[in-house]
Colleague: 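One structure coming up, written as C-alpha cells, with questions to follow.
Below, read A as the first sequence line, B as the second, and so on, with proteins coming before strands; counting in each chain starts at 1. Note that these values count all heavy atoms, side chains included, but never hydrogens, waters or copies made by symmetry.
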Number of protein chains: 2
Amino acid sequence: MQGYRLTPQRHLILDIVRKAGAHITPEQVYASVYKQNPAISRATIYRTLDFLCEMRLIHAMQWGDRTYYEIAGDAPHHHLICRQCNSVEQIDHATLALLIETIDKQHHFSVDMDHIALFGLCRKCRSSSGATKQPAALQSN
Amino acid sequence: MQGYRLTPQRHLILDIVRKAGAHITPEQVYASVYKQNPAISRATIYRTLDFLCEMRLIHAMQWGDRTYYEIAGDAPHHHLICRQCNSVEQIDHATLALLIETIDKQHHFSVDMDHIALFGLCRKCRSSSGATKQPAALQSN
DNA sequence: ATTACTGCAAAGGATTTGCATGTGA
DNA sequence: TCACATGCAAATCCTTTGCAGTAAT
C-alpha cells in the first residue's frame, strides 16, 4: 500500500456532496455525476462515498431506510426534521449536550452525538396537523 | 370493506414479537414462524408486520439499515445501545422529556418520542475502549 | 512501474407485488 | 358468501463484488 489517490471521480463526487445544500442520497449523487460524466458507474459512487466517509470528509446517516451523505467539517450540529412537510431545521450541539450530560450522570453511558436527526412536527405543521401518527427517527454517523 | 381478520398467521406472528425479549427482525420472526409452521411465507411475515404496525400492536424501528419490531403497549421507554458490546439499556421517558421540552421552547418543534434509541458507549466499554470512531444512531417509531 | 481505482456486469440480500387460491366472519 | 389474507414466484430496489482493464503517483 502506497497511499490514496485523488482521482477525478473522487474529486467530482466530493464536490457534489459539498455543494448539495442538504443531505444527499447515493442515487442523487449518481444523477448529478451522470450529467457531468455518464461514464462513471454507480459502483464508483458507492465505493467513493464509503471512501470519503473513511477519510472523514463526509458524514453518512440513515433516515428511515435510506442513507444520506453530507459534507463534513462544519461545526457540530443536528437536525430537526418535520415528518409532515420534511423541512429541516438545525439545532446546535449545546442543546443536546444537556441530554448527553444527563445520560452520562444517570447511566454512565456516553452517547455518540456526532450527528443526530430528530423527527417530529415543526411549528407550522403542529397547528394544522391531522395528527398522522408516524415515524420519529434519529440517526447519525 | 368488512373489517380485519384474525388469522392464525397473524396470531402467531404477534405472539412471536411479543415473546421476543428484545427487538426482532423480519428474518428472525420468519425463523421462529418456520419452526412452528414452515408453510407460512416471508411475504406474509412482511405483510403482517406492516399490518400489526398499522394496528398499533407493534412498533417498528430502523437501526442502521435493518428494521426491528417490538411489541407495543409498554410504558414509553427508550434505549441506550452500546456500539461496542451491543448491550441494550433502558432509559425512561422522563429523562428524554427534558430534551423535548427544551426543543419545544427553543424551536417550537415537537419531537416524536415514541421510541428512541441512542447509540454510544456503555460504562464497561467506555473504559476499555480503543475509541473506534463509529456510528451513533437514533431511531424510533 | 506499481498497485490503487474504475467500469461492467453479475450477484446479493431485503422487501414488495401480481395473481390465483384459500378462509375467517 | 365474498372480501380479506395467504402462498408462491417473480420482480424491485439498493448495494456489493469479482475481475480485468486503466490511470495516478
Side-chain angles (χ1 to χ4, degrees), chain A residues 1-17 20 23-70 134-135 137 139 141, chain B residues 1-17 20 23-55 57-70 135 137 139 141:
Chain A
M1 202 255 264
Q2 294 186 323
Y4 305 110
R5 290 176 189 167
L6 182 50
T7 65
Q9 287 90 335
R10 291 179 173 179
H11 227 293
L12 177 56
I13 292 172
L14 178 57
D15 237 47
I16 285 169
V17 175
H23 299 71
I24 192 170
T25 63
E27 193 53 33
Q28 294 174 314
V29 172
Y30 177 71
S32 261
V33 163
Y34 189 87
K35 284 181 200 162
Q36 301 185 52
N37 186 347
I40 297 178
S41 69
R42 256 180 261 265
T44 297
I45 305 294
Y46 282 102
R47 282 189 288 225
T48 300
L49 253 13
D50 278 355
F51 171 80
L52 294 174
C53 275
E54 276 170 28
M55 294 296 100
R56 307 206 155 282
L57 294 172
I58 65 177
H59 290 315
M61 57 183 300
Q62 307 274 143
W63 288 6
D65 58 357
R66 240 4 111 256
T67 305
Y68 294 77
Y69 295 88
E70 67 164 8
Q134 265 305 312
Q139 278 285 350
N141 218 3
Chain B
M1 200 254 263
Q2 294 186 323
Y4 305 111
R5 288 178 193 166
L6 182 50
T7 65
Q9 289 89 337
R10 290 180 172 178
H11 227 293
L12 177 56
I13 292 172
L14 178 57
D15 236 47
I16 285 169
V17 175
H23 299 71
I24 192 171
T25 64
E27 193 52 34
Q28 293 173 313
V29 172
Y30 177 71
S32 261
V33 164
Y34 189 86
K35 283 182 200 160
Q36 303 185 50
N37 185 347
I40 298 178
S41 69
R42 272 194 183 76
T44 297
I45 305 293
Y46 283 103
R47 283 189 286 223
T48 300
L49 253 14
D50 278 357
F51 171 80
L52 294 174
C53 276
E54 276 170 28
M55 295 296 99
L57 294 173
I58 64 177
H59 289 313
M61 58 184 299
Q62 306 275 144
W63 287 7
D65 58 357
R66 230 22 98 252
T67 304
Y68 294 79
Y69 294 88
E70 70 165 9
Q139 278 286 347
N141 217 2

Colleague: Among C:dT6, C:dC5, C:dT23, find the nucleotide with the atom closest to the side chain of A:Thr48.
Modeller: C:dT6
Colleague: At 10 degrees resolution, what angle do the end axes of the helix from C:dA1-D:dT25 to C:dA25-D:dT1 form when each is taken over five base pairs?
Modeller: 40°
Colleague: Return the 5'-most residue of the pair A:Leu6, A:Ala43 with respect to DNA chain D, ranking by each residue's nearest nucleotide.
Modeller: A:Ala43
Colleague: Is any side-chain N or O of A:Arg10 closer than 4.0 Å to OP1 or OP2 of C:dC5?
Modeller: yes
Colleague: Nearest to the side chain of A:Arg42, heavy atoms from C-beta on, is which of C:dT15, D:dT17, D:dT15?
Modeller: D:dT15
Colleague: Does any part of the side chain of B:Thr48, heavy atoms only, come nearer than 4.5 Å to the side chain of B:Leu12, both counted from C-beta?
Modeller: no
Colleague: Going by modelled atom types, is there a donor-acceptor pair between the base of D:dC4 and the side chain of B:Arg5 at under 3.5 Å?
Modeller: yes
Colleague: Write down the distance between CG (B:Leu52) and C1' (D:dA5), rounded to a whole number of angstrom.
Modeller: 13 Å
Colleague: Report the distance from atom CD of A:Glu27 to atom P of D:dT15, rounded to the nearest whole Å.
Modeller: 8 Å
Colleague: Does a side-chain N or O of B:Thr7 approach OP1 or OP2 of D:dT6 to a distance below 4.0 Å, or not?
Modeller: yes
Colleague: Between A:Glu70 and A:His59, do the side chains contain a donor N or O and an acceptor N or O under 3.5 Å apart?
Modeller: no
Colleague: Between B:Tyr69 and B:Asp50, which heavy-atom pair has the shortest distance, and what is it?
Modeller: OH-OD1, 4.1 Å
Colleague: How many Å lie between CG on A:Leu12 and P on C:dG7, as a whole number?
Modeller: 10 Å
Colleague: It should be established whether B:Tyr46 places a side-chain nitrogen or oxygen under 4.0 Å from OP1 or OP2 of nucleotide C:dT16.
Modeller: no
Colleague: Taking CZ from A:Arg47 and P from D:dC19, how many angstroms apart are they, rounded to a whole number?
Modeller: 13 Å
Colleague: Below 4.0 angstrom from OP1 or OP2 of C:dG7, is there any side-chain N or O of A:Gln9?
Modeller: yes
Colleague: Rounding to a whole Å, what distance do you find between A:Asp65:CG and D:dT12:C1'?
Modeller: 13 Å
Colleague: Looking at every non-hydrogen atom in both residues, tell me the closest pair between B:Gln28 and B:His23 and how far apart they are.
Modeller: OE1-O, 4.0 Å
Colleague: In this structure, how many angstroms lie between the C1' atom of D:dA5 and the CG atom of B:Asn37, rounded?
Modeller: 14 Å
Colleague: Can you tell which of C:dA14, D:dG7, C:dC8 lies closest to the side chain of B:Ser41?
Modeller: D:dG7
Colleague: Are B:Thr67 and A:Asp65 side-chain neighbours, meaning at least one heavy-atom pair lies under 4.5 Å?
Modeller: no
Colleague: Looking only at heavy atoms, what is the nearest atom pair of B:Ser32 and B:Ile16, with distance?
Modeller: CB-CD1, 3.6 Å
Colleague: Of A:Thr44 and B:Pro26, whose nearest nucleotide on DNA chain C comes first from the 5' end?
Modeller: A:Thr44
Colleague: Can you check the B:Asp50 CG to D:dC4 C1' distance for me, whole Å?
Modeller: 16 Å
Colleague: With heavy atoms under 4.0 Å as the rule, sort A:Pro8 into base, sugar-phosphate or nothing.
Modeller: sugar-phosphate
Colleague: From OH of B:Tyr34 over to C1' of D:dG7, roughly how many Å is that when rounded to an integer?
Modeller: 14 Å
Colleague: Hey, could you give me the CG/CG distance between B:Leu52 and B:Leu14, rounded to the nearest 0.5 Å?
Modeller: 5.5 Å
Colleague: Looking only at heavy atoms, which two atoms of A:Arg10 and A:Arg5 are closest? And how far apart?
Modeller: NH1-O, 2.9 Å
